[in-house]
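Data first, discussion second: the structure below is written as C-alpha coordinates.
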There are 2 protein chains.
Amino acid sequence: MFPGDTPETPSNPCEAPRCPTLLEVLTRIGDKWSLCVIGRLYQGPMRFNALKRSIGGVSQRMLTLTLRGLERDGLIQRTVYPTNPPSVEYQLTELGHTLIGPVKAIFDWAEGHRLDIQQARMQFDAQQPGALQDI
Amino acid sequence: MFPGDTPETPSNPCEAPRCPTLLEVLTRIGDKWSLCVIGRLYQGPMRFNALKRSIGGVSQRMLTLTLRGLERDGLIQRTVYPTNPPSVEYQLTELGHTLIGPVKAIFDWAEGHRLDIQQARMQFDAQQPGALQDI
DNA sequence: CTGTATCCGGCGAGATACTG
DNA sequence: CAGTATCTCGCCGGATACAG
(Lines give C-alpha, C1' and ligand atoms only; values in the text may rest on other atoms or scores of the structure.)
Protein backbone atom coordinates (compact mmCIF):
# COMPACT_ATOMS: atom_id res chain seq x y z
CA MET A 1 0.00 0.00 0.00
CA PHE A 2 2.78 2.38 0.89
CA PRO A 3 6.09 2.28 -0.93
CA GLY A 4 8.78 0.66 1.16
CA ASP A 5 6.31 -1.08 3.40
CA THR A 6 7.48 -4.42 4.66
CA PRO A 7 4.90 -7.05 5.61
CA GLU A 8 6.32 -7.51 9.06
CA THR A 9 4.10 -8.94 11.74
CA PRO A 10 2.70 -6.08 13.77
CA SER A 11 3.89 -5.90 17.34
CA ASN A 12 1.18 -3.39 18.06
CA PRO A 13 -2.44 -4.56 18.15
CA CYS A 14 -3.49 -1.53 16.16
CA GLU A 15 -0.91 -1.38 13.40
CA ALA A 16 -3.74 -0.91 10.99
CA PRO A 17 -2.06 0.07 7.73
CA ARG A 18 0.26 -2.91 7.95
CA CYS A 19 -2.67 -5.14 8.71
CA PRO A 20 -5.46 -4.61 6.20
CA THR A 21 -7.26 -7.66 7.53
CA LEU A 22 -8.26 -5.92 10.72
CA LEU A 23 -9.40 -2.89 8.81
CA GLU A 24 -11.44 -5.02 6.46
CA VAL A 25 -13.08 -6.86 9.31
CA LEU A 26 -13.90 -3.64 11.09
CA THR A 27 -15.17 -2.12 7.89
CA ARG A 28 -17.40 -5.12 7.41
CA ILE A 29 -18.86 -5.26 10.91
CA GLY A 30 -18.68 -1.52 11.42
CA ASP A 31 -21.10 -0.68 8.68
CA LYS A 32 -24.65 0.16 9.47
CA TRP A 33 -26.37 -3.15 8.75
CA SER A 34 -23.96 -6.05 9.12
CA LEU A 35 -24.26 -6.15 12.88
CA CYS A 36 -28.03 -6.01 12.66
CA VAL A 37 -28.01 -9.00 10.34
CA ILE A 38 -25.58 -10.96 12.50
CA GLY A 39 -27.64 -10.11 15.55
CA ARG A 40 -30.80 -11.40 13.95
CA LEU A 41 -29.21 -14.55 12.60
CA TYR A 42 -27.66 -15.16 16.01
CA GLN A 43 -31.10 -16.28 17.11
CA GLY A 44 -31.46 -18.69 14.23
CA PRO A 45 -31.93 -18.92 10.44
CA MET A 46 -34.08 -16.31 8.74
CA ARG A 47 -35.48 -15.59 5.32
CA PHE A 48 -34.86 -12.46 3.31
CA ASN A 49 -38.07 -10.59 3.91
CA ALA A 50 -38.20 -11.69 7.51
CA LEU A 51 -34.78 -10.10 7.97
CA LYS A 52 -35.92 -6.99 6.15
CA ARG A 53 -38.99 -6.58 8.33
CA SER A 54 -37.12 -7.49 11.49
CA ILE A 55 -34.40 -4.94 10.94
CA GLY A 56 -36.60 -2.17 9.63
CA GLY A 57 -35.31 0.88 7.85
CA VAL A 58 -33.00 -1.04 5.58
CA SER A 59 -33.52 -0.83 1.84
CA GLN A 60 -33.74 -3.94 -0.27
CA ARG A 61 -30.56 -2.97 -2.03
CA MET A 62 -28.50 -2.48 1.12
CA LEU A 63 -29.77 -5.66 2.71
CA THR A 64 -28.80 -7.58 -0.42
CA LEU A 65 -25.36 -6.02 -0.51
CA THR A 66 -24.83 -6.63 3.20
CA LEU A 67 -25.84 -10.25 2.90
CA ARG A 68 -23.59 -10.74 -0.12
CA GLY A 69 -20.64 -9.25 1.73
CA LEU A 70 -21.17 -11.42 4.79
CA GLU A 71 -21.65 -14.47 2.60
CA ARG A 72 -18.51 -13.70 0.66
CA ASP A 73 -16.51 -13.56 3.86
CA GLY A 74 -17.93 -16.87 4.94
CA LEU A 75 -19.78 -15.43 7.93
CA ILE A 76 -23.26 -16.42 6.81
CA GLN A 77 -24.61 -19.16 4.60
CA ARG A 78 -27.27 -18.71 1.96
CA THR A 79 -29.57 -21.62 1.25
CA VAL A 80 -32.09 -21.61 -1.58
CA TYR A 81 -35.12 -23.83 -1.38
CA PRO A 82 -36.49 -24.39 -4.88
CA THR A 83 -40.09 -23.95 -3.85
CA ASN A 84 -42.56 -21.79 -5.65
CA PRO A 85 -42.34 -18.98 -4.86
CA PRO A 86 -38.67 -19.49 -3.98
CA SER A 87 -37.54 -19.05 -0.43
CA VAL A 88 -34.02 -18.25 0.66
CA GLU A 89 -32.74 -18.81 4.15
CA TYR A 90 -29.72 -17.18 5.76
CA GLN A 91 -27.87 -18.48 8.79
CA LEU A 92 -24.62 -17.92 10.59
CA THR A 93 -21.78 -20.22 9.68
CA GLU A 94 -19.44 -21.66 12.28
CA LEU A 95 -17.02 -18.88 11.44
CA GLY A 96 -19.81 -16.39 11.90
CA HIS A 97 -20.52 -17.74 15.36
CA THR A 98 -16.91 -17.31 16.43
CA LEU A 99 -17.23 -13.61 15.68
CA ILE A 100 -19.91 -13.19 18.32
CA GLY A 101 -17.44 -13.27 21.18
CA PRO A 102 -15.16 -10.44 20.06
CA VAL A 103 -18.12 -8.38 18.97
CA LYS A 104 -19.65 -8.87 22.38
CA ALA A 105 -16.41 -7.59 23.92
CA ILE A 106 -16.77 -4.38 21.94
CA PHE A 107 -20.44 -4.29 22.80
CA ASP A 108 -19.76 -4.62 26.50
CA TRP A 109 -17.13 -1.92 26.31
CA ALA A 110 -19.55 0.39 24.54
CA GLU A 111 -22.25 -0.34 27.11
CA GLY A 112 -19.87 0.06 30.01
CA HIS A 113 -18.50 3.38 28.82
CA ARG A 114 -21.47 4.93 27.04
CA LEU A 115 -21.94 7.40 29.85
CA ASP A 116 -18.26 8.33 29.78
CA ILE A 117 -18.52 8.96 26.06
CA GLN A 118 -21.73 10.92 26.38
CA GLN A 119 -20.24 13.07 29.09
CA ALA A 120 -17.03 13.60 27.13
CA ARG A 121 -19.03 14.70 24.13
CA MET A 122 -21.19 17.12 26.06
CA GLN A 123 -18.13 18.55 27.74
CA PHE A 124 -16.32 18.86 24.43
CA ASP A 125 -19.28 20.43 22.68
CA ALA A 126 -19.80 22.87 25.52
CA GLN A 127 -16.27 24.16 25.06
CA GLN A 128 -16.72 24.81 21.37
CA PRO A 129 -17.59 28.45 20.59
CA GLY A 130 -20.32 28.09 17.97
CA ALA A 131 -21.47 25.82 15.20
CA LEU A 132 -22.36 22.61 16.96
CA GLN A 133 -25.51 20.77 18.03
CA ASP A 134 -25.27 17.96 15.53
CA ILE A 135 -26.83 15.67 18.04
CA MET B 1 -35.90 5.36 15.79
CA PHE B 2 -38.61 2.97 14.75
CA PRO B 3 -42.23 3.50 15.72
CA GLY B 4 -43.26 1.22 18.52
CA ASP B 5 -39.72 0.61 19.62
CA THR B 6 -39.26 0.11 23.30
CA PRO B 7 -35.93 0.95 24.90
CA GLU B 8 -35.60 -2.47 26.44
CA THR B 9 -32.17 -3.73 27.33
CA PRO B 10 -30.96 -5.93 24.52
CA SER B 11 -30.69 -9.60 25.37
CA ASN B 12 -28.75 -10.07 22.18
CA PRO B 13 -25.20 -8.74 21.95
CA CYS B 14 -25.85 -7.49 18.45
CA GLU B 15 -29.18 -5.73 18.78
CA ALA B 16 -27.70 -2.85 16.92
CA PRO B 17 -30.65 -0.63 16.07
CA ARG B 18 -31.76 -0.69 19.68
CA CYS B 19 -28.27 0.19 20.77
CA PRO B 20 -26.93 3.17 18.83
CA THR B 21 -23.96 3.37 21.19
CA LEU B 22 -22.41 0.21 19.80
CA LEU B 23 -22.95 1.42 16.27
CA GLU B 24 -21.38 4.76 17.09
CA VAL B 25 -18.36 3.12 18.66
CA LEU B 26 -17.91 0.79 15.73
CA THR B 27 -18.36 3.65 13.31
CA ARG B 28 -15.69 5.57 15.15
CA ILE B 29 -13.10 2.83 15.37
CA GLY B 30 -14.17 1.24 12.12
CA ASP B 31 -13.19 4.19 9.99
CA LYS B 32 -10.00 4.22 8.06
CA TRP B 33 -7.76 6.23 10.36
CA SER B 34 -8.94 6.06 13.96
CA LEU B 35 -7.32 2.73 14.64
CA CYS B 36 -4.06 3.91 13.13
CA VAL B 37 -4.07 6.89 15.45
CA ILE B 38 -4.94 4.80 18.49
CA GLY B 39 -2.26 2.32 17.56
CA ARG B 40 0.37 5.02 17.31
CA LEU B 41 -0.67 6.74 20.54
CA TYR B 42 -0.69 3.35 22.25
CA GLN B 43 3.09 3.62 22.25
CA GLY B 44 3.09 7.05 23.82
CA PRO B 45 2.22 10.71 23.18
CA MET B 46 2.81 12.12 19.72
CA ARG B 47 2.65 15.41 17.90
CA PHE B 48 0.51 16.20 14.91
CA ASN B 49 3.08 15.98 12.17
CA ALA B 50 4.77 13.00 13.77
CA LEU B 51 1.44 11.23 13.61
CA LYS B 52 0.93 12.32 10.03
CA ARG B 53 4.31 11.06 8.92
CA SER B 54 4.03 7.89 10.98
CA ILE B 55 0.68 6.92 9.54
CA GLY B 56 1.42 7.93 6.00
CA GLY B 57 -1.22 8.33 3.33
CA VAL B 58 -3.55 10.34 5.53
CA SER B 59 -4.47 13.86 4.48
CA GLN B 60 -4.16 16.75 6.88
CA ARG B 61 -7.87 17.21 6.81
CA MET B 62 -8.74 13.62 7.65
CA LEU B 63 -6.16 13.42 10.42
CA THR B 64 -7.58 16.56 11.97
CA LEU B 65 -11.13 15.25 11.72
CA THR B 66 -10.10 11.89 13.13
CA LEU B 67 -8.30 13.48 16.06
CA ARG B 68 -11.26 15.76 16.76
CA GLY B 69 -13.64 12.82 16.77
CA LEU B 70 -11.48 10.80 19.13
CA GLU B 71 -10.99 13.79 21.37
CA ARG B 72 -14.69 14.51 21.43
CA ASP B 73 -15.39 10.96 22.58
CA GLY B 74 -12.81 11.31 25.31
CA LEU B 75 -10.50 8.67 23.87
CA ILE B 76 -7.53 10.95 23.35
CA GLN B 77 -6.33 14.14 24.98
CA ARG B 78 -5.02 17.17 23.13
CA THR B 79 -2.40 19.29 24.83
CA VAL B 80 -1.16 22.57 23.42
CA TYR B 81 2.26 23.86 24.38
CA PRO B 82 2.39 27.62 23.78
CA THR B 83 5.82 27.54 22.22
CA ASN B 84 6.79 29.23 19.01
CA PRO B 85 6.08 27.63 16.67
CA PRO B 86 3.25 25.96 18.60
CA SER B 87 3.40 22.26 19.28
CA VAL B 88 0.41 20.06 20.04
CA GLU B 89 0.66 16.69 21.65
CA TYR B 90 -1.90 13.91 21.53
CA GLN B 91 -2.12 10.99 23.94
CA LEU B 92 -4.55 8.28 24.90
CA THR B 93 -6.77 8.99 27.87
CA GLU B 94 -7.52 6.37 30.47
CA LEU B 95 -10.75 5.67 28.62
CA GLY B 96 -8.79 5.30 25.44
CA HIS B 97 -6.55 2.72 27.04
CA THR B 98 -9.51 0.62 28.11
CA LEU B 99 -10.52 0.34 24.48
CA ILE B 100 -7.31 -1.46 23.59
CA GLY B 101 -8.47 -4.75 25.09
CA PRO B 102 -11.69 -5.16 23.10
CA VAL B 103 -10.00 -3.93 19.94
CA LYS B 104 -7.29 -6.49 20.46
CA ALA B 105 -9.99 -9.16 20.74
CA ILE B 106 -11.25 -8.20 17.30
CA PHE B 107 -7.71 -7.98 16.05
CA ASP B 108 -6.89 -11.46 17.28
CA TRP B 109 -10.04 -12.80 15.70
CA ALA B 110 -9.15 -11.16 12.41
CA GLU B 111 -5.64 -12.55 12.57
CA GLY B 112 -6.82 -15.99 13.58
CA HIS B 113 -9.39 -16.23 10.82
CA ARG B 114 -7.84 -14.23 8.02
CA LEU B 115 -7.08 -17.37 6.08
CA ASP B 116 -10.63 -18.61 6.53
CA ILE B 117 -11.91 -15.31 5.21
CA GLN B 118 -9.48 -15.28 2.32
CA GLN B 119 -10.44 -18.78 1.37
CA ALA B 120 -14.15 -18.04 1.69
CA ARG B 121 -13.73 -15.03 -0.57
CA MET B 122 -11.79 -16.90 -3.22
CA GLN B 123 -14.31 -19.70 -3.16
CA PHE B 124 -17.19 -17.25 -3.37
CA ASP B 125 -15.61 -15.27 -6.18
CA ALA B 126 -14.80 -18.43 -8.11
CA GLN B 127 -18.47 -19.35 -8.09
CA GLN B 128 -19.59 -16.04 -9.51
CA PRO B 129 -20.13 -16.23 -13.30
CA GLY B 130 -18.58 -13.01 -14.49
CA ALA B 131 -17.91 -9.49 -13.33
CA LEU B 132 -15.54 -9.88 -10.42
CA GLN B 133 -11.87 -9.36 -9.67
CA ASP B 134 -12.33 -6.30 -7.46
CA ILE B 135 -9.36 -7.41 -5.40
C1' DC C 1 3.97 23.67 13.07
C1' DT C 2 -0.84 23.11 13.37
C1' DG C 3 -4.37 23.81 11.83
C1' DT C 4 -9.01 26.10 8.95
C1' DA C 5 -11.46 27.13 4.46
C1' DT C 6 -12.82 25.98 -0.04
C1' DC C 7 -13.47 23.42 -4.14
C1' DC C 8 -14.67 19.24 -6.34
C1' DG C 9 -14.77 14.36 -8.00
C1' DG C 10 -16.37 9.65 -6.78
C1' DC C 11 -19.08 6.42 -4.57
C1' DG C 12 -22.36 5.08 -1.02
C1' DA C 13 -27.00 4.54 -0.49
C1' DG C 14 -32.14 5.48 -1.04
C1' DA C 15 -36.12 5.27 -4.27
C1' DT C 16 -38.20 3.19 -7.89
C1' DA C 17 -39.26 -0.02 -11.43
C1' DC C 18 -38.70 -4.43 -13.37
C1' DT C 19 -37.73 -9.95 -13.50
C1' DG C 20 -37.83 -15.10 -12.52
C1' DC D 1 -40.73 -14.01 -2.56
C1' DA D 2 -36.15 -12.61 -3.65
C1' DG D 3 -33.80 -10.33 -5.89
C1' DT D 4 -31.41 -7.05 -10.18
C1' DA D 5 -31.07 -2.55 -12.76
C1' DT D 6 -30.96 2.21 -13.05
C1' DC D 7 -31.19 6.87 -11.59
C1' DT D 8 -30.12 10.26 -8.51
C1' DC D 9 -28.27 12.90 -4.81
C1' DG D 10 -25.60 13.75 -0.65
C1' DC D 11 -21.51 13.64 1.62
C1' DC D 12 -16.99 11.66 2.35
C1' DG D 13 -12.53 12.55 1.53
C1' DG D 14 -8.35 14.31 -1.33
C1' DA D 15 -6.01 18.47 -3.04
C1' DT D 16 -4.99 22.97 -2.51
C1' DA D 17 -4.59 27.41 -0.58
C1' DC D 18 -4.44 30.25 3.34
C1' DA D 19 -3.96 31.69 8.61
C1' DG D 20 -2.14 32.12 13.58
Side-chain angles (χ1 to χ4, degrees), chain A residues 1-2 16-17 23-24 27-28 30-37 40-41 45-72 76-91 124 127-132 134, chain B residues 1-2 17 23-24 26-28 30-37 40-41 45-72 76-91 127-132 134-135:
Chain A
M1 191 175 186
F2 308 121
L23 189 56
E24 288 172 20
T27 302
R28 161 92 48 238
D31 80 87
K32 194 170 184 180
W33 304 115
S34 291
L35 271 187
C36 302
V37 169
R40 289 322 186 286
L41 296 184
M46 252 196 213
R47 295 176 55 182
F48 184 86
N49 271 357
L51 271 172
K52 189 170 186 311
R53 277 189 304 269
S54 171
I55 292 177
V58 64
S59 68
Q60 227 172 37
R61 173 190 149 88
M62 288 320 295
L63 182 55
T64 299
L65 290 179
T66 301
L67 289 169
R68 284 293 173 282
L70 292 171
E71 186 193 0
R72 189 170 107 99
I76 67 175
Q77 187 188 3
R78 179 177 180 268
T79 312
V80 182
Y81 297 98
T83 59
N84 193 326
S87 74
V88 179
E89 202 174 69
Y90 294 91
Q91 57 185 316
F124 182 88
Q127 286 172 1
Q128 302 310 309
L132 31 95
D134 53 318
Chain B
M1 192 174 186
F2 309 120
L23 190 56
E24 286 171 22
L26 282 169
T27 301
R28 161 91 50 235
D31 78 271
K32 194 169 184 179
W33 304 115
S34 291
L35 271 187
C36 303
V37 169
R40 291 317 187 288
L41 297 183
M46 251 194 211
R47 292 176 57 181
F48 185 86
N49 271 359
L51 270 173
K52 188 171 187 312
R53 277 189 304 271
S54 169
I55 292 179
V58 64
S59 67
Q60 228 172 39
R61 173 190 149 88
M62 288 321 294
L63 182 55
T64 301
L65 290 180
T66 301
L67 290 168
R68 284 294 173 282
L70 292 172
E71 186 194 1
R72 189 171 106 100
I76 68 176
Q77 187 186 2
R78 179 177 180 266
T79 313
V80 182
Y81 297 99
T83 58
N84 193 326
S87 73
V88 179
E89 202 173 70
Y90 295 92
Q91 58 185 315
Q127 287 173 359
Q128 301 312 308
L132 32 95
D134 52 318
I135 285 188

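Chain letters run A, B, ... following the sequence lines, proteins first and then strands; every chain starts at 1. Basis for what follows: all heavy atoms, side chains included, without hydrogens, waters or symmetry-related copies.
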Of all the nucleotides listed ([options]), which has the minimum atom distance to the side chain of [X]?
X: B:Ser59; options: D:dG20, D:dC1, D:dG14; answer: D:dG14
X: B:Arg68; options: D:dA2, C:dG14, C:dT4; answer: C:dT4
X: B:Phe48; options: C:dG3, C:dC1, D:dA2; answer: C:dG3
X: A:Arg53; options: D:dC1, D:dG3, C:dT4; answer: D:dC1

5′-ward residue of the pair A:Gln60/A:Pro85 relative to DNA chain C: A:Gln60

Residue whose closest nucleotide on DNA chain C lies nearer the 5' end, A:Met62 versus B:Ala50: B:Ala50

What's the [atom1]-[atom2] distance between [X] and [N], to the nearest Å?
X: A:Glu89; N: D:dA2; atom1: CD; atom2: P; result: 10 Å
X: B:Trp33; N: D:dC12; atom1: CH2; atom2: P; result: 17 Å
X: A:Asp31; N: D:dC12; atom1: CG; atom2: C1'; result: 16 Å
X: A:Leu63; N: C:dT16; atom1: CG; atom2: P; result: 18 Å
X: A:Met46; N: D:dA2; atom1: CE; atom2: C1'; result: 16 Å
X: A:Leu65; N: D:dT6; atom1: CG; atom2: C1'; result: 14 Å
X: B:Lys52; N: C:dG3; atom1: NZ; atom2: C1'; result: 12 Å
X: A:Leu51; N: D:dG3; atom1: CG; atom2: C1'; result: 14 Å

If the cut-off is 4.0 Å, is [X] near the phosphate of [N], judged by side-chain N/O to OP1 or OP2?
X: A:Arg78; N: D:dA2; result: no
X: A:Tyr90; N: D:dC1; result: no
X: A:Arg61; N: D:dG3; result: no

Quick check for you: to the nearest 0.5 Å, what is the distance between [X] atom [atom1] and [Y] atom [atom2]?
X: A:Leu41; Y: A:Glu89; atom1: CG; atom2: CD; answer: 9.5 Å
X: A:Ile76; Y: A:Glu71; atom1: CD1; atom2: CD; answer: 6.0 Å
X: B:Asn49; Y: B:Leu63; atom1: CG; atom2: CG; answer: 8.5 Å
X: A:Arg78; Y: A:Gln91; atom1: CZ; atom2: CD; answer: 13.0 Å

Heavy-atom donor-acceptor pair, B:Thr66 side chain to B:Ser34 backbone, under 3.5 Å: no

pair B:Leu67-B:Phe48: side-chain heavy atoms closer than 4.5 Å: yes

Divergence of helical axes at both termini of the helix from C:dC1-D:dG20 to C:dG20-D:dC1 - five pairs an end, 10° steps: 40°

Touch class at under 4.0 angstrom, heavy-atom based, for A:Tyr81 against every strand present: nothing

Taking every non-hydrogen atom, the tightest pair across B:Gly30 and A:Thr27: O-OG1, 4.1 Å

Closest contact, heavy atoms only, A:Lys52 versus A:Gln60: CE-N, 3.8 Å

